[in-house]
There are 2 protein chains.
Amino acid sequence: MHILLTNDDGIFAPGIKALWQSLSAIAQVTVVAPDSERSATSQAITVHHPIRVDPYHIENSSVTAWRIGGTPTDCVKLAIEALLAEPPDVVVSGINHGPNLGTDVLYSGTVSAAIEGALHGIPAVAVSLDTWQPFDFTPAAEFTRKLILTMMQNTLPPNTLLNVNVPALPPNRLGGVAVTKLGVRQYQNTFERRADPRGRLYYWMGGDLVDNTNDPDSDIVAVKEGKISVTPIHFDLTNYAIMDLLRKWGL
Amino acid sequence: MHILLTNDDGIFAPGIKALWQSLSAIAQVTVVAPDSERSATSQAITVHHPIRVDPYHIENSSVTAWRIGGTPTDCVKLAIEALLAEPPDVVVSGINHGPNLGTDVLYSGTVSAAIEGALHGIPAVAVSLDTWQPFDFTPAAEFTRKLILTMMQNTLPPNTLLNVNVPALPPNRLGGVAVTKLGVRQYQNTFERRADPRGRLYYWMGGDLVDNTNDPDSDIVAVKEGKISVTPIHFDLTNYAIMDLLRKWGL
């Protein structure tokens, strides 16, 4: 098995290192990841600028790696269409340092990289750890390894990927695995208005999370209850249900 | 009616000007748009840097405008959460110089800005013109005006927006309006491998479109046939259909 591994925190982040260490035990791993943090870049691609591609040496390892001056989605496109001799069997993105839950996945570079893999017809998994504080990524990496083995024994339907969020808990306090749907995440007081040292105005995006989801089937509630959340994701944005309604508008 | 208008080609682009001119006839228009081109930025948001916000004067016009040092999605968030006294009645994004068809909407800053509006519970429309060549944006702007009036007379269901693609044809050759689904767009030879003047390697993303969609219900075929395509878009990425299947994996 050949796994393509990327992330949006950059190739130097601890989350991706935990994954290449864990996944090397079950597969040939190729890392193609951004040269610096690119979080909240969604599925952005770099079309108006060149993209730097440099080999990256990982010591005491059989992992091949490149660091890329681009977004997570650039990394997956570059790997599949330019760097690898053959498409990988699996695309894995993560482990993100911070959750990717509910509607927030729309902004996520981590999840978008996995969507890009699925767009190329390759089974894909995005993995995030539910904390921005320093924490051990090993349990999340070990679950990812187990999940990939299970996924390859079964069949993930086409045009689908898995979005995994792992609670920041010691392994003995994790409450099992829940298959979930995406919840809704809303924020308030999102922008702080400030003046720079020269008196010019700027805004900085902050945001207090409004904790208004209590849907027991949602990823948000599952992680809050200490469960590892696995959400199947598709990327067909057509709202088929209202096509007939629109046709009656007489446009 | 109050319309919030943004785009991803930047506030100086002709497509947004055509819209503020056309929409001013039916609504108060506020423009909050990027200070330079931000195409292919998907739903990226600026969280690690300050965002510059400067008033922008449009001559001979009642339109209020700001130019923003951020992405299209930043613009919509800023407008709704910081700049406007009250939320707008409609969010309009465009007119993009170039199509946003099929799976390409996943990368689109234009469509993502409209998704951001719908995430805030506001009816939203993304509009694109199917050419990268200089072309008259007026017919597309006039169709957008008519579409918004129709949309406000009817009811757009929640969590939905409309993605409009207008063929680059003179008005008398446009073949009507089709309600469509998103097709599939694939590319080949996407990356050109080059050396810079100092001999260092870089890649540049290009890509030849593989024209492999012949689904008559798709946006791609509709535009090819000279029809204005209107696609209802949702943003719930949960693949509900396979949740039960996943539960049988015994994770």
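The chains referred to below are lettered A, B, ... by the order of the sequence lines, with proteins before strands, and numbering in each begins at 1.
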Please examine the side chains of A/Leu245 and B/Pro157, heavy atoms only from C-beta on, and report whether any two atoms are closer than 4.5 Å. yes
Among the options A/Asn163, A/Val184, A/Thr160, pick out the one with the most heavy-atom pairs lying under 4.5 Å from chain B. A/Thr160
State, to 0.1 Å, how close A/Tyr107 and B/Glu116 come at their nearest heavy-atom pair, and which atoms those are. OH-OE1, 2.5 Å
Are any non-hydrogen side-chain atoms of B/His49 and A/Tyr202 less than 4.5 angstrom apart? no
Say you draw a straight line from CD1 of B/Ile242 to CG of A/Leu156; how long is it, rounded to the nearest 0.5 Å? 5.5 Å
Compare all side-chain heavy atoms of A/Tyr203 with those of B/Leu83 and state whether any distance is below 4.5 angstrom. yes
I need the B/His48 NE2 to A/Glu37 CD distance, nearest 0.5 Å. 3.5 Å
May I ask you to test the B/Leu237-A/Ile115 pair for a side-chain heavy-atom distance under 4.5 Å? yes
Count the heavy-atom pairs under 4.5 Å between each of B/Ser39, B/Gly176, B/Ala44 and chain A, then report the option with the highest count. B/Ala44
In terms of heavy-atom contacts, B/Pro232 and A/Met243 come closest through CG-CG, 3.7 Å
Minimum heavy-atom distance B/Met205-A/Val47, with the two atoms named: SD-CG1, 4.0 Å
Measure across B/Thr238 and A/Leu182 and return the closest heavy-atom pair with its distance rounded to 0.1 Å. OG1-N, 3.0 Å
Residue of the set B/Thr150, B/Val230, B/Val177 for which side chain to side chain contact (heavy atoms under 4.5 Å, CB included) holds with A/Trp249: B/Thr150
CD1 on B/Ile80 to CZ on A/Phe191, rounded to 0.5 Å: 10.0 Å
With chain B, the option among A/Asp217, A/Asp196, A/Ile228 that has the most non-hydrogen atom pairs under 4.5 Å is A/Asp196
About how many Å separate OG1 of B/Thr190 and CG of A/Leu78, when rounded to the nearest 0.5 Å? 9.5 Å
Exceeds 12 heavy-atom contacts within 6.0 angstrom, atom CZ of A/Arg193: no
For the interface with chain B, which of A/Phe143, A/Tyr187, A/Phe235 has the highest count of heavy-atom pairs at distances below 4.5 Å? A/Phe235
Given heavy-atom pairs under 4.5 angstrom as the criterion, report whether the side chain, backbone, both or neither of B/Thr155 touches chain A. backbone
Salt-bridge present (B/Asp236, A/Lys181; N to O < 4.0 Å): no
What part of B/Glu192 is in contact with chain A, defined as an atom under 4.5 angstrom from a non-hydrogen atom: side chain, backbone, both or neither? neither
Find the distance between CG (B/Asn159) and CG (A/Asn239) and round it off to the nearest 0.5 Å. 9.0 Å
Would you indicate whether the side-chain heavy atoms of A/Asp244 and B/Val179 approach each other to under 4.5 Å? no
Any donor-acceptor pair under 3.5 Å linking the side chain of A/Trp204 with the backbone of B/Ile51? no
Counting heavy-atom pairs under 4.5 Å with chain B, the top scorer among A/Gln188, A/Glu81, A/Arg38 is A/Glu81
Of the backbone (N, CA, C, O) and the side chain (C-beta and beyond), which part of B/Ser112 lies under 4.5 Å from a heavy atom of chain A, both, or neither? neither
Measuring from atom CG of A/Leu246 to atom OG1 of B/Thr231, what distance do you get when rounded to the nearest 0.5 angstrom? 9.5 Å
Tell me which of these, A/Ile45, A/Thr41, A/Val53, has more heavy-atom pairs under 4.5 Å with chain B than the rest. A/Ile45
Does B/Leu106 reach the side chain of A/Leu119, with side-chain heavy atoms less than 4.5 Å apart? yes
Below 4.5 Å, heavy atoms only, C-beta onward: do B/Asp54 and A/Arg200 meet side chain to side chain? yes
Any idea which of A/Gln153, A/Met151, A/Lys248, A/Arg194 has the most non-hydrogen atom pairs under 4.5 angstrom with chain B? A/Met151
